[in-house]
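First comes the structure, then the notes that go with it.
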Amino acid sequence: DGGITQSPKYLFRKEGQNVTLSCEQNLNHDAMYWYRQDPGQGLRLIYYSQIVNDFQKGDIAEGYSVSREKKESFPLTVTSAQKNPTAFYLCASSKVVSGQETQYFGPGTRLLVL
Amino acid sequence: GNSVTQMEGPVTLSEEAFLTINCTYTATGYPSLFWYVQYPGEGLQLLLKATKADDKGSNKGFEATYRKETTSFHLEKGSVQVSDSAVYFCAPRTSGGYNKLIFGAGTRLAVHP
């Protein structure tokens, strides 16, 4: 089955530690995205990538980094510079059909600070 | 700027009641419009979409019509079920340049038997 997978489902970070969240898709989508969701709020865009080896900052990129070395993979690193990392992180990918883009989301990773 | 406004939740309904969740937006260009649903502890699932004025998106008994004159995309369902309990997000996608989804806080729906 095609889809978007995110791992782990839960992740714990210690103070000063970098952690990496995985996002993989086998949908052959060109574009991929990372969002952050805080309790009771909507999604905010962290980074996005429209093609391999290229990515752009979203609205809240500070304290995060990404890479896009393969079409299928778009890992997100939460660095120690992110002072409030506790949140639910959602990865998405998109396809364009007849000029219209639709984003599809993974199941999410919940990051907690110890 | 680009923004979306949804009715505040929680919306609490009895099973088989009629549902309306209001959504209005401001966005540059001529946006496509999406409704996503999020069940507890899960990611977002695409519920329905509309790409031009007067289009009606529909799925699983839910409907929404793209109203350009009122910049609205209200979600409706004729008879809700307990399994519809979730958070619903209206998300316009801006056009021109990078196409970005705009999310509000969502509307929580609770359906009880």
Side-chain angles (χ1 to χ4, degrees), chain A residues 3-10 21 23-25 27 29-51 54-61 87-112, chain B residues 1-11 21 23-25 27 29-53 55 57 59 66 86-110:
Chain A
I4 303 169
T5 57
Q6 291 186 241
S7 62
K9 187 171 183 178
Y10 295 95
L21 285 62
C23 178
E24 304 278 333
Q25 55 98 1
L27 300 167
H29 289 175
D30 286 316
M32 298 186 73
Y33 309 81
W34 275 106
Y35 293 89
R36 169 181 172 139
Q37 185 180 29
D38 292 285
Q41 298 187 30
L43 279 64
R44 292 183 290 168
L45 182 64
I46 305 172
Y47 268 99
Y48 63 98
S49 168
Q50 293 181 287
I51 197 168
D54 186 53
F55 50 83
Q56 305 295 329
K57 292 182 179 180
D59 298 321
I60 56 163
F88 190 47
Y89 290 87
L90 288 158
C91 177
S93 67
S94 69
K95 67 177 181 181
V96 178
V97 176
S98 301
Q100 298 296 331
E101 179 190 6
T102 300
Q103 287 190 26
Y104 298 89
F105 286 81
T109 291
R110 190 166 299 280
L111 177 60
L112 299 165
Chain B
N2 301 316
S3 66
V4 59
T5 301
Q6 291 181 230
M7 58 193 295
E8 283 194 27
V11 173
I21 299 178
C23 169
T24 57
Y25 64 89
Y30 198 170
S32 296
L33 302 173
F34 300 83
W35 275 101
Y36 285 88
V37 57
Q38 185 177 34
Y39 298 99
E42 298 184 10
L44 273 66
Q45 297 178 24
L46 177 66
L47 183 58
L48 54 82
K49 64 182 181 181
T51 58
K52 61 183 186 295
D55 264 3
N59 186 27
Y66 191 141
V87 180
Y88 292 81
F89 292 93
C90 177
R93 183 173 62 82
T94 60
S95 58
Y98 165 61
N99 297 326
K100 175 180 169 179
L101 281 174
I102 309 298
F103 286 94
T107 300
R108 181 175 299 278
L109 170 66

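Below, chains carry the letters A, B, ... as their sequence lines are ordered, and counting in each starts from 1.
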What is the minimum heavy-atom distance between B:Ala105 and A:Gly40, and which atoms define it? CB-O, 3.8 Å
Checking B:Gln45 against chain A: side chain, backbone, both or neither under 4.5 Å from a heavy atom? neither
B:Arg108, CZ atom: more than 12 neighbouring heavy atoms under 6.0 Å: no
B:Leu46 versus chain A, the contacting section by heavy-atom distance below 4.5 Å: side chain
Can you say whether A:Gln41 sits under 4.5 Å from chain B via the side chain, the backbone, both, or neither, judging by heavy atoms? backbone
If you measure from CG on B:Leu44 to OH on A:Tyr35, what distance do you get to the nearest 0.5 Å? 9.5 Å
Say you draw a straight line from CD of A:Glu101 to NZ of B:Lys49; how long is it, rounded to the nearest 0.5 Å? 10.0 Å
dist A:Gln37:CD -> B:Phe103:CZ (nearest 0.5 Å) comes out at 9.0 Å
Under 4.5 Å from a heavy atom of chain B, the part of A:Thr102 involved: both
Kindly indicate, with the supporting measurements, whether the criterion side chain to side chain contact (heavy atoms under 4.5 Å, CB included) is fulfilled by A:Tyr48 and B:Lys100. CA-CA 10 Å; A:Tyr48 63 98; B:Lys100 175 180 169 179; over 6 Å; no
Most contact-rich option vs chain B, by heavy-atom pairs under 4.5 angstrom, among A:Asp38, A:Leu43, A:Leu90, is A:Leu43
Does a sphere of radius 6.0 Å around CD in B:Glu8 hold more than 12 heavy atoms from other residues, nucleotides or ligands, not counting ones at 6.0 Å or beyond? no
Is the CG atom of A:Leu112 crowded by more than 12 outside heavy atoms at less than 6.0 Å? yes
Only residue of B:Tyr39, B:Tyr36, B:Phe89 satisfying ring-ring contact (aromatic ring centres under 6.0 Å, His included) with A:Phe105 is B:Tyr36
Between A:Phe88 and B:Gln38 the two heavy atoms that sit nearest each other are CE2-NE2, 3.6 Å
